[in-house]
Protein chains: 2
Amino acid sequence: MSEQVKAYYHQLVPGMQEEDWIALQEKFTFQQVKKGSFLTRNGEISRQVSFITRGLVRIFYLAGEKEICTGFICENEYVSAYASFLTRQPSAENIDALEDCELVHLSFDDMQALYKSNPVFEIFGRKIAELLFIQISSQTTRLLTMVPEERYQSIIQFQPFIIQRVPQYMIASFIGITPEHLSRLRKKMTGK
Amino acid sequence: MSEQVKAYYHQLVPGMQEEDWIALQEKFTFQQVKKGSFLTRNGEISRQVSFITRGLVRIFYLAGEKEICTGFICENEYVSAYASFLTRQPSAENIDALEDCELVHLSFDDMQALYKSNPVFEIFGRKIAELLFIQISSQTTRLLTMVPEERYQSIIQFQPFIIQRVPQYMIASFIGITPEHLSRLRKKMTGK
DNA sequence: CTACACGGTTGATAAATGTTAAGAAATTAT
DNA sequence: ATAATTTCTTAACATTTATCAACCGTGTAG
């Protein structure tokens, strides 16, 4: 199970040594969660980043009654209420499991300890921050430069797992429209 | 002029030593640019991150004929076509000066060299990535959870320098609406 | 098997936002 | 100071999107 994490870590920090991996691995805690359970609730301070070895989660905000999704993360990716994790401020985000999940957690405190113990982990931390930046940055761009139909198309093209595994009404909020409107857009698109 | 950068660096990495600062400072290149000149054009690979000691720049995309702003950065902040900088891929973003600017550049190659020379610079790189993540993350959230009027209000509240120093039609694209519509929203808001 | 909850669709209508065009106001250049 | 350019505003109209409500299909718990 942690072989998956090792592969990810290798890809992120190619120069890593076996002993680094062993030190990192010691900090991992493993968890299985059922569909529907929460990893983070708004108001809590996020205490960890989590690598997903199996399953799918969503990140979402509560705006009044409505749930607005800002991300879907599946196996072989890191997920976190990262802004809260970094700032130690209560999270505005919720994270819950859309499928049964297997997770590998790395806590904030352990991560700080790793940073101090060996600079190679700074690289790890930097790479994760950079990766998350690139991901969210492209989402902001899509929101500003594309109309909803184009945003949906770009999910089909670049994140097809979302189409397969996420309910449509959640995808709708992810691209900034109502479920009804997405339904109509889809109908229009098949006509073409 | 580089005292400003030093203060920023200190705040970012409190544990830094004077010798670290000296090593960093040696890599700086200084530049003054006139209003209207470009720091980065789309298609180019971004070669640097730039600290702004004076002035104001915008980051924007070209969507057909239209310019869509994704950020305004002023003095005492870092600016970069950061996705391009990190991935070494051609930038989709443009950056130009909205005012005469004084800039302190740090090149990609120098930054890599610093990373290798001393782990403390990894912290610096990580902190910058984390900071940029937090900034863009909150922008994505605003785009998904707020209506245009609320987004404009949040600029007034949290980034008033934008209201003072950026033409309204650029702010309009930043919050995802047309200049005409922003004009109407403003009129409506003063009535309240 | 039946009833119910959930996700998705559809239609009618309302609200928000975009487009086009014109002119006013402000800024910049001569 | 005047002209030229840019930015902002306004209005009429078109388009997009949201809202509300009803209904359909599917799966599932009793």
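Here the structure is a predicted model, which means the values were calculated and not measured. Lettering of chains follows the sequences in order, A, B, ..., and the numbering in each one begins at 1. For the numbers below, each heavy atom of this structure counts, side chains included, while hydrogens, waters and symmetry mates do not.
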Q. Does B:Lys66 NZ have over 12 foreign heavy atoms under 6.0 Å away?
A. no
Q.
In whole Å, I'd like the distance from the CD atom of B:Glu150 to the P atom of C:dT17.
A. 10 Å
Q. Taking A:Ser46 for the side chain and A:Tyr82 for the main chain, is one N or O donor matched with an acceptor at less than 3.5 Å?
A. no
Q.
Does C:dT19 have OP1 or OP2 under 4.0 Å away from a side-chain N or O of B:Lys66?
A. yes
Table of protein N/O atoms under 3.5 Å from nucleotides 27-30 of chain D N/O atoms:
none

Q: Run the salt-bridge test on B:Lys34 and B:Asp100 with the 4.0 Å N-O cut-off and return the result as yes or no.
A: yes
Q. Under the criterion side chain to side chain contact (heavy atoms under 4.5 Å, CB included), which of B:Asp20, B:Asn118, B:Val13 is the partner of B:Ile123?
A. B:Val13
(Q) Looking at B:Arg54, I want to see if its CZ is surrounded by more than 12 non-hydrogen atoms of other residues, nucleotides or ligands under 6.0 Å. (A) yes
Q: Round to the nearest Å and state the distance from B:Ile163 atom CD1 to D:dT7 atom P.
A: 17 Å
Q: To the nearest Å, give me how far apart CD1 (A:Ile177) and C1' (D:dA18) are.
A: 11 Å
Q | Nearest-angstrom distance from the residue atom CE of A:Met146 to P of C:dG18 | A | 18 Å
Q.
Can you work out whether B:Val147 or B:Lys35 has the more 5'-proximal nearest nucleotide on DNA chain C?
A. B:Val147
Q | Euclidean distance, atom CG of residue A:Leu185 to atom C1' of D:dT15 [Å, nearest integer] | A | 13 Å
(Q) Less than 6.0 angstrom from the centroid, inside 45 degrees of the normal: does A:Arg88 satisfy that with respect to the ring of A:Phe108? (A) yes
Q.
Can you see whether A:Tyr115 has B:Arg126 sitting over its ring - NZ or CZ less than 6.0 Å from the centre and within 45° of the normal?
A. yes
(Q) Strictly under 4.0 angstrom, non-hydrogen atoms only: write out the protein contact profile of nucleotides 6-12 of chain C, one letter per nucleotide from the 5' end, B, S or -. (A) -SSSBBB
Q | From CA spacing to verdict: side-chain hydrogen bond (donor to acceptor under 3.5 Å, both in side chains), A:Thr141, B:Tyr61 | A | CA-CA 8 Å; A:Thr141 306; B:Tyr61 286 77; 2.9 Å; yes
(Q) I'd like to know if the side chain of A:Ser107 reaches the main chain of A:Gln48, judged simply by a donor and an acceptor atom lying under 3.5 Å from each other, with no hydrogens or angles considered. (A) no
**Q.** Contact under 4.0 Å: A:Thr178 side-chain N or O vs D:dA18 OP1/OP2
**A.** yes
Q | A:Ile68 CD1 - D:dA18 P separation (whole Å) | A | 11 Å
